[in-house]
A.B. asks: 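First the structure, which I've put down as structure tokens, then a few questions once you've had a look.
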Amino acid sequence: MPMDPQEVLSLCKRRGFLWPSFDIYGGMAGMYDFGPLGVTLKNNIENHWRRLYVLQEGFVELMCPLVSPEPVFKASGHLDTFSDMYVECTKCGETYRADHLAKGLHENPATLGEGELGQLLRENGVKCASCRGELTDPKRFNLMFKTMVGAGKAKPGYLRPETAQGMFVNFEQVYRLGREKLPVGAVQVGTSFRNEISPRQGLIRLREFHQMEAELFVDPDDKTWPRFDSVKGERLLLFANTGETKELTLEQAVRDKVIVNEVLAYFMWLTHRFALDVGLDPSKMRFRQHERTEMAHYASDCWDLEAELGYGWVELVGVADRGCYDLSAHIKHSDADLTAFQRFDEPKEVEHEAVKVKFDVMGKMFKGDTKTVAEALSSMPVESLKGAKEVTVHAGGRSFQVPSECFEVSMRKEKVTGRKFVPHVIEPAYGVDRILYAVLEHAYSKSAKDGEDYVTLKLKGLVAPFKAGVFPLMARDGLDDIASAIQASLSEAGMHTYYDDAGSIGRRYARMDEVGTPCCITVDYQSKDDGTVTIRDRDSSEQRRVKKENVILAVTRLVSGAGLKALEGL
RNA sequence: GCGGCUGUAGUCUAGUGGUUAGGACUGAAGCUUCCCAAGCUUCAAGCCCGGGUUCGAAUCCCGGCAGCCGCACCA
């Protein structure tokens, strides 16, 4: 039975995980405040992710500004493709994507400006599809928040719609700091912004949200990953865009070309691993391959990790092979050298056919155009020049007839010490808020106790905000002193705990169950006699006695999911 | 952004154009040597915001904001 998200969100507010922002001023759609438990849960999720990507896989972490100058998004394509033009019906108010209406009227309507597009629609007499009413002029709506940086001659700036660009524009630094070797990867964990038209569904579509993105720069001719072998027998459930659904080992998936390459497969596996670690239910998870039409045009393959939630199947993570698109775009717009260089073991003598321009002949013929023509000629494929009496060269918007006296094609020897290339990018992009919500929903468990609903959040110890509750059975007779000392020792050991001496013991257990605390320590009268305390496991609600000096060890074991039997001898 | 539905303490909810908006849970203080939301006493907390109609509006109307559903959107 699907969970009602309202119920989960209600618990989130009640217990201090998160709630809609700016409530006292009427609220603002698409914005959420994180409360004490939500912040801790988010930190725990993010830190585990760092453990995998930074510690285990060796990515380096960056932190870049949220506000970026316009050229960044001109290069990335966000300025053009992230903004859509709309027209509205003046009669019934229906809105349409202007470029969709212009389909068939122009070969590429997406390239037109507001004015041109408006004119095109008017000339062709396009009317509202539902009521035949007149349409307004196209209006641009960009999903990026715009601002101005500085006063006076202020420059436009945009709140970043993804963290990825920070890694791309810093490729030179990342490559250099990685000692100029590939593969090299960078990650960024932080806030991004999209001015969504209609935010919906709680944490699923926010205007201000959190991402954990990794950009792995690889040699296009070597899309392998050193740790692949250790996981190649692991299985993933794959919904391919061919319509087939298969459970395959990573090795099979790569061999059968279901997944385009090894490194992509590896990071899909790592994503799966991460999802299990933070407590997502494997029976409500799948990888879905993007349809060819849905994939960005430059991507060679893209898979989403989806989770089944009360909202349906929701994308949590996208793992894409983005080819050389991002770095090439920044090379083109910035003129920076965002390439990698692979030195050969031995320099190679390479012989190849090359065009040699005879400037003496050409200069007399083309005068001031010589340079332009020569450059264009040199960049033409050698095959098209060989044996030709005359070739047509297009340069500077003009055509030139160049006779063969002006050049010759000959073998040329070159010493090549290595190859220079634009790395390809493998991008695993995680949506923190969606993952956090999915973790909560998958952990949400309701049972009947004395005819009433009893809610337990079965969070993994790894992500649980509190690792243990610490209670004196009675807040007197010295039980409270013992309990306080135990809490202090757990804090010192780095564990976030919750001390509670109020109300009945069952109520205190219930409070902890509802926020997913894996275990509770209770100091009772026996503790005074023999120095033991009880430790209760959340999911079974059973308890064991352990010596109070072993409490840290006991909590550590329960948090790691070892179960009560791991407490033998403590 | 469009259309439909909705908005009462932290949560769930009752409510009639008319006195002090009712209940449950939660929360707080206390009592009860008290291990699974027990019991008792006391307390705190609410009509989304702004206009209008009316002698009088939580209730009717309009606008805004927010939520849900559908459409559109989701590089």
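Just so it is clear: chains get the letters A, B, ... in the order the sequence lines come, proteins before strands, and each one is counted from 1. Source: prediction; values computed, not measured.
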A.B. asks: Which is more 5' along RNA chain B, the nucleotide nearest A/Ile197 or the one nearest A/Gly30? Just name the residue.
C.D. replies: A/Ile197
A.B. asks: I need the CZ-P distance between A/Arg434 and B/C74, as an integer number of Å.
C.D. replies: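 After rounding, the reported distance stands at 13 Å.
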A.B. asks: Distance check needed: B/U32 C1' versus A/Arg476 CZ, whole Å only.
C.D. replies: 8 Å
A.B. asks: Measure CZ/A/Arg205 against P/B/A66 and give the value in whole Å, please.
C.D. replies: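 Rounded to the whole Å, the gap is 15 Å.
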A.B. asks: Could you check whether A/Ser198 gets within reach of a base, just the sugar-phosphate, or nothing at all, counting any heavy atom under 4.0 Å?
C.D. replies: base
A.B. asks: In terms of ring plane angle, is the pair A/Phe471 and A/Tyr509 parallel, tilted or perpendicular, where the classes change at 30° and 60°?
C.D. replies: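 Rings of A/Phe471 and A/Tyr509: tilted, as their planes differ by 30° to 60°.
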A.B. asks: Only counting residues at least two apart or in another chain, list the ones meeting side-chain contact (heavy atoms from CB on, under 4.5 Å) with A/Glu542.
C.D. replies: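 A/Ser540, A/Arg544, A/Leu564.
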A.B. asks: Counting Watson-Crick and G-U wobble pairs only, both distances under 3.5 Å, name the nucleotide matched with B/C73, or none.
C.D. replies: none
A.B. asks: Please report the distance, rounded to the nearest Å, between CZ in A/Arg15 and P in B/U26.
C.D. replies: 9 Å
A.B. asks: With a 3.5 angstrom cut-off on both distances, give the Watson-Crick or G-U wobble partner of B/G63, or none if there isn't one.
C.D. replies: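 WC or wobble partner is B/C49.
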A.B. asks: Going by the angle between their ring planes, with limits at 30° and 60°, are A/His78 and A/Phe73 parallel, tilted or perpendicular?
C.D. replies: perpendicular
A.B. asks: Just checking A/Phe217 against A/Phe171, ring centres under 6.0 Å apart?
C.D. replies: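 Yes - the distance between ring centres of A/Phe217 and A/Phe171 falls below the 6.0 Å cut-off.
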A.B. asks: Round to the nearest Å and state the distance from A/Trp19 atom CH2 to B/A9 atom C1'.
C.D. replies: 17 Å
A.B. asks: Please work out if A/Thr534 contacts a base, only the sugar-phosphate, or nothing of the nucleic acid, heavy-atom cut-off 4.0 Å.
C.D. replies: base
A.B. asks: Which label fits A/Phe59 and A/Tyr53: parallel for a plane angle under 30°, tilted from 30 to 60°, or perpendicular past 60°?
C.D. replies: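 Perpendicular: the ring planes of A/Phe59 and A/Tyr53 meet at over 60°.
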A.B. asks: Paired with B/C68 by Watson-Crick or G-U wobble geometry, both distances under 3.5 Å: which nucleotide is it?
C.D. replies: B/G4
A.B. asks: For B/G18, which nucleotide in any strand shown is its Watson-Crick or wobble partner with both distances under 3.5 Å?
C.D. replies: B/C55
A.B. asks: Between B/C25 and B/C49, how far apart are the two P atoms, rounded to whole Å?
C.D. replies: 27 Å
A.B. asks: Determine the Euclidean distance between corresponding P atoms of B/G56 and B/A72; express it in Å to zero decimal places.
C.D. replies: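 Approximately 47 Å lies between the P atom of B/A72 and that of B/G56.
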A.B. asks: Rounded to the nearest angstrom, tell me the gap between atom CG in A/Leu11 and atom P in B/C25.
C.D. replies: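 Rounded to the whole Å, the gap is 19 Å.
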A.B. asks: Could you check whether A/Phe471 gets within reach of a base, just the sugar-phosphate, or nothing at all, counting any heavy atom under 4.0 Å?
C.D. replies: nothing
A.B. asks: Hunt down the Watson-Crick or G-U wobble partner of B/C34, both distances under 3.5 Å, from any strand shown, or write none.
C.D. replies: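 Matched B/C34 with nothing under the 3.5 Å cut-off.
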A.B. asks: Between B/C65 and A/Tyr25, counting only base atoms on the nucleotide and side-chain atoms on the residue, is there a donor-acceptor pair under 3.5 Å?
C.D. replies: no
A.B. asks: Taking the C1' atom in each of B/U6 and B/U13, what is the distance between them to the nearest angstrom?
C.D. replies: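 About 15 Å, rounded to a whole number of Å.
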A.B. asks: In whole Å, measure the gap between the P atoms of B/A37 and B/U42 for me.
C.D. replies: 24 Å
A.B. asks: Starting from the 5' end of RNA chain B, give me the residue, A/Pro161 or A/Val533, whose nearest nucleotide shows up first.
C.D. replies: A/Val533
A.B. asks: Does A/Gly16 reach a base, just sugar-phosphate, or nothing at all? Heavy atoms under 4.0 Å.
C.D. replies: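 Nothing: the residue A/Gly16, judged by heavy atoms under 4.0 Å, touches no strand.
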A.B. asks: NA contact type, A/Asp524, heavy-atom cut-off 4.0 Å: base, sugar-phosphate, or nothing?
C.D. replies: base
A.B. asks: Reckon A/Glu162 touches a base, only the sugar-phosphate, or nothing at all at heavy-atom distances under 4.0 Å?
C.D. replies: base
A.B. asks: How about A/Trp49 and A/Tyr430: are their ring centroids closer than 6.0 Å?
C.D. replies: yes
A.B. asks: Quick one: the side chain of A/Arg536 and the base of B/C36, do they pair up donor-acceptor inside 3.5 Å?
C.D. replies: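 Indeed there is one.
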A.B. asks: Can you tell me whether the side chain of A/Gln543 and the base of B/C35 have a donor-acceptor pair closer than 3.5 Å?
C.D. replies: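 For A/Gln543, whose side chain was compared with the base of B/C35, there is a donor-acceptor pair (under 3.5 Å).
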A.B. asks: For nucleotides 38-45 of chain B, tabulate all protein N/O to nucleotide N/O atom pairs closer than 3.5 Å, reporting atom names and distance.
C.D. replies:
unit_1, atom_1, unit_2, atom_2, d
B/A38, OP1, A/Arg507, NH2, 2.5
B/A38, OP2, A/Ser504, OG, 2.9
B/A38, OP2, A/Arg507, NH2, 3.4

A.B. asks: Is the phosphate of B/G27 approached by A/Arg511 (side-chain N or O, under 4.0 Å from OP1 or OP2)?
C.D. replies: yes
A.B. asks: Out of the candidates A/Lys458, A/Lys446, A/Arg536, only one should pair with A/Asp513 under the salt bridge (Lys or Arg N to Asp or Glu O under 4.0 Å) rule; please name it.
C.D. replies: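 So, applying the salt bridge (Lys or Arg N to Asp or Glu O under 4.0 Å) to A/Asp513 and each of A/Lys458, A/Lys446, A/Arg536, only A/Arg536 qualifies.
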A.B. asks: In sequence, state the C-alpha distance, the side-chain angles, and the governing distance for A/His290 and A/Asp304, and then conclude on side chain to side chain donor-acceptor pair (under 3.5 Å).
C.D. replies: CA-CA 7 Å; A/His290 277 207; A/Asp304 286 345; 2.9 Å; yes
A.B. asks: Starting at atom CZ of A/Arg207, determine the distance to atom P of B/C65, rounded to an integer number of angstrom.
C.D. replies: 11 Å
A.B. asks: When rounded to the nearest Å, what value does the distance between P atoms of B/G23 and B/C61 take?
C.D. replies: 29 Å
A.B. asks: Taking only residues two or more places apart in sequence or in another chain, which ones pass ring-ring contact (aromatic ring centres under 6.0 Å, His included) with A/Tyr325?
C.D. replies: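 So A/Tyr325 forms a ring-ring contact (aromatic ring centres under 6.0 Å, His included) with A/His297, A/Tyr298.
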A.B. asks: Return the nucleotide paired to B/A28: Watson-Crick means purine N1 to pyrimidine N3 with N6-O4 or O6-N4, wobble means G-U with N1-O2 and O6-N3, both under 3.5 Å.
C.D. replies: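 Check on B/A28: paired to B/U42, both distances under 3.5 Å.
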A.B. asks: If I take atom CG in residue A/Asp23 and atom C1' in nucleotide B/A66, what distance separates them, rounded to the nearest angstrom?
C.D. replies: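 To the nearest whole Å, that distance equals 9 Å.
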